[in-house]
Amino acid sequence: MLKFIVNDILGQASILVSLIAMIGLIALKKPAGQVISGTLKTLLGFLIIIAGAEIIVGTLNFLGEIFQTGFQMRGVVTDVGAIAGIAQQTLGRETALIMVLAFVINVLIARFTKYKYIFLTGQASLWMATICSVIGYMGGLRGVTLILTGGIIGGLMAVFMPAIAQPIVRKITGSNDIALGHYCTLGYLVQAGVAKVVGNPKKSTEDISLPKGLSFLQDTYLSMMVVMIPIYLIPAIAAGPEVVKEFAGTTNYLVYSFMQAIQFVVGVYVLLSGVRLLLAEIVPAFRGIALKIVPKAVPALDCPVLFPYAPNAVVLGFIFTTIGAVIGMFLFPVFGLAMILPGMLTNFFAGGTAGIFGNAIGGIKGVIFGGIIHGLFITLLPALLLPLLGSFGFENVTFSDSDVITAGLLLGKFLQMFQ
């Protein structure tokens, strides 16, 4: 029963968020029809976001392969899924219990302190629970001690990471209705810090003016197509038809790469449609929880909820984070660290969100220069974590999210002091 509740109910972020929306609507004493409608629309919106993300992930996996092959890159790829898979084999029960305990602690902190954030990004909660279980176990913790330690760390992170990001999120959204529930927050703050030094928030990426002949680029999705097409075609040309053929089959390799670029934009369109539907339902429903269970509760949601507020900054953040990651890939091995290959998924989702932060604080310059520093930062952290994971038996694999890595580094170093 516990496995069913944890893995099949709480482990499904869409179901978890929908249940919370239902509780909120019931707490507001809405009619049964509105409760059903709001719950199902929340579920639908979340699943549309997942569908859009899966389209994006598919195209970015292709881009990552041809990028590495075309430019002859060899090194370590950040792969949280690989670590989670290994951990589930030996620490599945502990990881699940840490995740549940972290959520309970999150709710208790929100109920009894001024920090009212409820972290609702299921996969991010799983990654945090995973690193706590892995590092804690390899550091000598067992049983209840391991679960309590991981649960407390996860619960604290679930409240305080949204809290430190909220001043900038409030500036981005213009309200306090939602918070950011994504464990890349330290990277976003690094970009915001650089943006504050070098940029001007009045010169926004969303106000870029173009000549009349290029006015069609004012449309977000058309401009995204124009940017993404060369990003896909250039690595495809570098990789050559034989490499791309593994993905393209009988389709011409350049035509296939072109269509993958368009598919990327389709994924973004679908994802943003889901975000709008989700927000239209979850924010009013959360008022019920705020009024009845956790007064003034604020839902901390996954990073795509911010994408509609500055779509140009998302694309530019992705590009300049990738540039910074490529620089870091060559720079950090000079200092004896591992070569960390650019992870296109992290670069898009974390880089795009960091771009929004940079734009809010420092405009165009904040996105450009902050993005490069952000790319360096998210390449340095996995390289620092890799030796620690290696000492615990995890070779050539590392995490990607800055907050997760930071929690793992601090816990690991602390436990090593007592070994």
Side-chain angles (χ1 to χ4, degrees), residues 60 63-65 67-87 127-128 130-132 134-139 157 182-194 235 317-351 353-354 358 368-417 419:
L60 289 177
L63 178 60
E65 287 291 331
F67 188 89
Q68 293 171 33
T69 304
F71 298 111
Q72 297 297 307
M73 294 180 176
R74 295 291 180 269
V76 178
V77 179
T78 55
D79 187 359
V80 67
I83 297 180
I86 297 169
W127 306 151
M128 185 61 70
T130 299
I131 199 165
C132 288
V134 168
I135 299 296
Y137 184 86
M138 298 303 177
M157 293 291 284
H182 195 228
Y183 284 134
C184 297
T185 305
L186 292 176
Y188 304 153
L189 296 178
V190 165
Q191 174 138 0
V194 174
F318 168 45
I319 292 171
F320 286 101
T321 289
T322 300
I323 291 172
V326 170
I327 294 171
M329 178 186 66
F330 292 111
L331 175 63
F332 297 131
V334 174
F335 299 97
L337 295 171
M339 176 178 281
I340 305 295
L341 300 182
M344 291 302 171
L345 295 180
T346 302
N347 289 353
F348 175 69
F349 288 104
T353 309
I368 294 172
F369 295 105
I372 293 172
I373 299 301
H374 177 251
L376 288 167
F377 181 72
I378 65 172
T379 304
L380 174 62
L381 282 181
L384 293 175
L385 182 65
L386 193 63
L388 179 63
L389 289 173
S391 69
F392 289 158
F394 288 81
E395 298 290 345
N396 297 321
V397 64
T398 183
F399 282 86
S400 56
D401 296 358
S402 58
D403 304 351
V404 173
I405 293 172
T406 301
L409 282 170
L410 293 176
L411 177 60
K413 295 299 182 184
F414 177 78
L415 293 175
Q416 281 183 339
M417 291 168 56
Q419 290 181 339

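Worth knowing before you read on, the calculation uses all heavy atoms, side chains too, and leaves out hydrogens, waters and symmetry mates. All residue numbers refer to positions in the sequence shown, counting from 1. Not measured: the values here are computed from a predicted model.
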Ignoring hydrogens, what is the shortest heavy-atom contact between A407 and M128? Give both atom names and the distance. CB-SD, 3.9 Å

Quick check: closest heavy atoms across L409 and L381, and the distance to 0.1 Å? CD1-CD2, 4.4 Å

CE on M157 to OG1 on T185, rounded to 0.5 Å: 8.0 Å

Residue pair L415 / G136: nearest heavy atoms and the distance that separates them: CD1-CA, 3.8 Å

Pairwise distance OH(Y188) to NE2(H182) - rounded to 0.5 angstrom: 4.5 Å

Please check: side-chain N/O of T346 versus main-chain N/O of S400, any donor-acceptor pairing under 3.5 Å? no

dist L189:CG -> F377:CZ (nearest 0.5 Å) comes out at 9.0 Å

Minimum side-chain heavy-atom gap L376-L380 below 4.5 Å: no

Listed partners of D401 passing side chain to side chain donor-acceptor pair (under 3.5 Å), at least two apart: none

Please round to the nearest 0.5 Å and tell me the distance separating atom CG of L385 and atom CD1 of I405. 5.5 Å

Name the atoms and distances for all side-chain donor-acceptor pairs under 3.5 Å in residues 318-345, with sequence neighbours left out.
from: T321; atom 1: OG1; to: G317; atom 2: O; distance (Å): 2.9
from: T321; atom 1: OG1; to: H374; atom 2: ND1; distance (Å): 3.1
from: T322; atom 1: OG1; to: F318; atom 2: O; distance (Å): 2.8
from: T322; atom 1: OG1; to: N347; atom 2: ND2; distance (Å): 3.3

